[in-house]
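These notes concern the structure reproduced below.
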Amino acid sequence: MARVVVDVMLKPEILDPQGEAVVNALPRLGVAGVSGVRIGKRIELEFSDDLDEATVLERANEAADKLLANPVIETYTLRVETPHAVNAESA
């Protein structure tokens, strides 16, 4: 099964009130030295095994461009995750 991860972020010139709230809250939590926070979203698309990587990326790009991101205010990146990738998870 092929998995494509779509990371969607606000464009740099777009105000990020959620990121501002986090950056303002961090010192109260004892986390110092963070000068900026931008909040985005991660979307995982799983494709059937019978599709090649080029097709998977093409379809993921179409989904991201038409549905998953708002191209007026957001940018997105795509990456194919390999089945053997190890992700660190928080406890």
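Fair warning: this is a prediction, and the values are worked out from it, not measured in the lab. Atoms considered below: every heavy atom in the structure, side chains included; atoms not considered: hydrogens, waters and symmetry mates. Residues: numbered from 1 along the sequence shown.
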Test K41 against D7 for salt bridge (Lys or Arg N to Asp or Glu O under 4.0 Å), laying out the working first. CA-CA 6 Å; K41 58 186 170 187; D7 291 312; over 6 Å; no
Go through the steps to decide whether F47 and R59 satisfy the test side chain to side chain contact (heavy atoms under 4.5 Å, CB included), and finish with yes or no. CA-CA 9 Å; F47 291 88; R59 291 182 184 176; 3.8 Å; yes
Show your reasoning for whether side chain to side chain contact (heavy atoms under 4.5 Å, CB included) applies to R38 and M9. CA-CA 8 Å; R38 300 289 288 175; M9 294 296 295; 3.6 Å; yes
What do the steps show when you test V56 against R3 for side chain to side chain contact (heavy atoms under 4.5 Å, CB included), and what is the final call? CA-CA 9 Å; V56 165; R3 176 180 292 162; over 6 Å; no
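Within the 3.5 Å criterion, the main-chain N or O of P71 finds a donor-acceptor partner in the side chain of K11.
Across I43, L68, N70, N61, a single residue satisfies side chain to side chain contact (heavy atoms under 4.5 Å, CB included) together with Y76, and that is N61. Checked options L26, N24, D16; the residue passing with V37 is L26 (criterion: side chain to side chain contact (heavy atoms under 4.5 Å, CB included)).
Across every non-hydrogen atom of L45 and A63, the tightest pair is CD1-CB, 4.3 Å. The two residues A2 and D49 have their closest heavy-atom pair at N-OD1, 4.1 Å. Contact record, A60 with V4: CB-CG1, 3.7 Å, taken as the closest heavy-atom pair.
Linking Ile, Leu, Val, Met, Phe, Trp and Tyr whenever their side-chain heavy atoms come within less than 4.5 Å puts L57 and L51 in one cluster. Cluster annotation: V8 and L10 are assigned to distinct hydrophobic clusters (Ile/Leu/Val/Met/Phe/Trp/Tyr, side-chain heavy-atom contacts under 4.5 Å, transitive). Follow the hydrophobic side-chain contacts under 4.5 Å out from I39 and you never reach L15; the two are in separate clusters.
With respect to the salt-bridge test (charged N to carboxylate O, under 4.0 angstrom), the residues R42 and E81 qualify.
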